[in-house]
Number of protein chains: 2
Amino acid sequence: MKIRIESFVELCHEKGIKVTQQRIEIFKAIVQAKDHPDAENLFHKLRKKLPTLSLDTVYRTLWVLNDLGVITTLGSSRERTRFDGNLSHHHHFVCNRCGLTSDFYSDELNSLKVPDSLAELGNIEQTHVEIRGTCKTCINKVFKQIQSDKSSKGSRS
Amino acid sequence: MKIRIESFVELCHEKGIKVTQQRIEIFKAIVQAKDHPDAENLFHKLRKKLPTLSLDTVYRTLWVLNDLGVITTLGSSRERTRFDGNLSHHHHFVCNRCGLTSDFYSDELNSLKVPDSLAELGNIEQTHVEIRGTCKTCINKVFKQIQSDKSSKGSRS
DNA sequence: TTTAATGCAAAAGATTTGCAACATG
DNA sequence: CATGTTGCAAATCTTTTGCATTAAA
């Protein structure tokens with residue numbers, strides 16, 4: 001834990017982000033929480049330590065932590081509820097950049113063997129594999145970005 | 001497609017739910033859509049056919065369809081954004097009833113082999129298995145519910 | 001001292017609800 | 001005809017934003 005905080009502080013320095021008491025406490029709270037809390041949960045927990053903390057700071061800080069890559073969100077958040085009319089057993093490829101979610105099929109993945117320890121958590125109804133990455137479209141965008149950066153910085157010295 | 005509509009209509013009859021033009025069209029739209037649309041997407045598509053359709057009917061109908069089990073949602077929706085401070089490679093068990101999300105670990109699942117066809121979609125950064133079912137707590141609740149139903153309906157004739 | 005982060009209040013966005021009019025069984 | 005469903009408008013709930021104040025580098 002101490003190590004995670006230290007490396008977090010270091011990362012903030014690297015990125016030129018200020019290390020505030022709020023950020024440290026919010027970071028500690030989300031790392032220690034094992035229940036995937038939402039912003040309001042954390043806000044209530046933290047208010048005991050930081051009585052002046054505001055909810056919008058919690059939101060802002062969580063997205064900062066997410067952008068730094070030191071926490072993640074459940075589901076591809078920051079989006080509205082999306083619905084799926086595909087009832088056949090399928091899996092998802094989700095683009096980390098644009099949220100595009102494509103179905104794919106795999107008999108092998110359909111019959112995944114899961115650890116026995118799961119029986120302790122409850123009974124299993126479906127298993128589903130979510131693969132995250134960068135979709136073709138976004139790869140192209142990034143590629144073009146790099147190209148234009150190169151040419152604007154001037155290649156001929 | 002025709003078959004899916006017919007069985008949907010039949011299911012509505014079974015459940016005592018009225019089959020309205022709106023429900024049929026919304027059902028068709030979500031089943032045909034391959035892009036996991038949100039309520040607003042569907043609303044705009046459908047407005048062309050049903051100019052008097054309202055957004056709240058789309059929402060209401062989608063949840064009806066979801067409750068009927070003929071569609072699903074992406075992520076455990078109807079919840080606020082939840083954050084995850086666990087950076088180690090892990091997987092999730094999600095309760096279909098209460099949304100409880102527990103982490104679990106499995107070396108085997110960490111090194112999952114995915115279909116080659118995925119390369120067409122983009123490049124892969126993480127793979128993550130989501131197992132859905134009913135958690136212990138909810139199983140107990142359902143069990144107690146059944147017990148009390150039995151006794152209130154009177155077992156001794 | 002310079003710049004970025006916080007807290008507040010207000011705004012914006014997404015989803016839900018009450019209710020009268022309407023359509024379905 | 002009785003009841004459930006729709007459309008509208010208003011309400012609610014979640015998340016974001018503008019801005020003056022405060023704290024970090």
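Residue numbers begin at 1 in each chain, while the letters A, B, ... track the order of the sequences. If you're wondering where the values come from, they're calculated on a predicted model, not measured in any experiment.
Following rounding to the nearest Å, A:Ile24 (CD1) and D:dA24 (C1') show an atom-to-atom distance of 12 Å. The nearest whole Å value for the distance from the CH2 atom in B:Trp63 to the P atom in C:dT15 is 8 Å. D:dT14 atom P lies 10 Å from atom CG of A:Leu55, rounded to whole Å. Rounded to a whole Å, the CG atom of B:Leu62 is 15 Å from the C1' atom of D:dT5. Atom-to-atom, NZ of A:Lys15 to C1' of D:dA25 comes out at 19 Å; the value is rounded to the nearest Å. The separation between B:Tyr59 atom OH and D:dT6 atom P is 16 Å, rounded to whole Å. Distance, B:Leu42 CG to C:dT15 P: 12 Å, rounded to whole Å. Rounded to whole angstrom, the span from the CG atom of B:Asp67 across to the P atom of C:dT16 amounts to 11 Å.
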>> Could you walk me through whether A:His91 and A:Asn110 satisfy the side chain to side chain donor-acceptor pair (under 3.5 Å) test, starting with their C-alpha distance in whole Å, then the side-chain angles of each, then the deciding distance to 0.1 Å, before giving a yes or no?
In response: CA-CA 8 Å; A:His91 307 274; A:Asn110 288 353; 2.7 Å; yes
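By the 6.0 Å contact criterion, CD on B:Glu108 is open, its count of non-hydrogen atoms from other residues, nucleotides or ligands being 12 or less.
Put simply, B:Arg78 has a side-chain N or O that comes within less than 4.0 Å of OP1 or OP2 on C:dT16.
Near DNA chain C, meaning a heavy atom under 4.0 Å away, there are no residues from residues 30-38 of chain B.
Judged by distance alone, with hydrogens and angles left aside, the side-chain atoms of B:Arg4 form a donor-acceptor pair with the main-chain N or O of B:Val70 at under 3.5 Å. Although no hydrogens or angles enter the test, the distance criterion places a donor-acceptor pair under 3.5 Å between the side chain of B:Arg82 and the main chain of A:His36.
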> What one-letter contact string describes nucleotides 2-8 of chain C from 5' to 3', where B marks a base within less than 4.0 Å of any protein heavy atom, S marks contact via sugar-phosphate atoms alone, and - marks no contact?
Replying inline: -BBSSBB
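Note: A:Arg97 CZ to A:Thr134 OG1 = 5.0 Å, rounded to the nearest 0.5 Å. For the atom pair CZ of A:Phe83 and OH of B:Tyr59, the computed distance is 7.5 Å after rounding to the nearest 0.5 Å. The structure places OG1 of B:Thr72 at 7.0 Å from CG of B:Asn66, a figure rounded to the nearest 0.5 Å. Taken from CG in B:Leu46 to CG in B:Leu55, the straight-line distance is 11.0 Å, to the nearest 0.5 Å.
Mapped onto DNA chain D by nearest heavy atom, B:Glu79 and A:Val19 fall at different nucleotides, with B:Glu79 at the one closer to the 5' end.
For B:His90, the ring pair (Phe, Tyr, Trp, His ring centres under 6.0 Å) partners are B:His92, not counting sequence neighbours.
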